[in-house]
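None of the values given here were measured: they were computed from a predicted structure.
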Amino acid sequence: MQAVASIRRGLTIDPAGEEEAPAERFGRLVRESPVVIFARRGCYMAHVMKSLLAAVGAHATVIELEGAAEELAAAEAGGQNAAVPALFVGGAPVGGLEGLMGLHLSGHLVPRLREVGALCV
């Protein structure tokens, strides 16, 4: 697994070289960064999600998933009926692209990003 976008303060991929179970790793990464997207490499929906977040002034940490076990762990971290790409804001699952668009169109995205300290502007 590798972090692609901006690496936030305190974000660690493998703490002290220890091997973590995928579920533990995803939980830790979600806690360490205010906005996290888990996605497959080259996922166009994740690209749209990053673009929308950047347009409002937030930059997501994007974690590219490698293999079925990591995809399953990321989807499970997102809760019931979650899929990849999966977005987390302030540690809470938002869902995929539809969840992000719903948050944005309802006018709740920017206030939520401010609340978790994710806005750059």
*Looking at side-chain heavy atoms only, is the closest gap between Leu53 and Leu100 below 4.5 Å?*
yes

*What closest approach, in Å, do Arg112 and Ala92 show between heavy atoms, and which atom pair accounts for it?*
NH2-CB, 3.9 Å

*Closest heavy-atom contact between Leu29 and Val36?*
O-CG2, 3.7 Å

*Considering all heavy atoms, the nearest Pro85-Met45 contact*: CD-CE, 3.7 Å

*Any chance you could measure Tyr44, atom OH, to Leu97, atom CG, to the nearest 0.5 Å?*
8.0 Å

_Minimum heavy-atom distance between Ala46 and Ile37, given as atom pair plus value_ = CB-CG2, 4.2 Å

*Minimum heavy-atom separation for Phe88 to Gly91, with atom names?*
CD2-O, 4.1 Å

*Measure the spacing between CZ of Arg28 and OG of Ser33 and express it to the nearest 0.5 Å.*
11.5 Å

_So if I apply the side chain to side chain contact (heavy atoms under 4.5 Å, CB included) rule between Phe38 and each of Leu87, Thr61, Val30, which one comes out positive?_
Val30

*Closest heavy-atom pair and its distance - Leu113, Ala58*: CD1-CB, 3.9 Å

*His104 side, atom NE2; Leu52 side, atom CG - distance, nearest 0.5 Å*: 5.0 Å

*Hey, is CD on Glu115 packed in by over 12 heavy atoms from elsewhere, all under 6.0 Å?*
yes

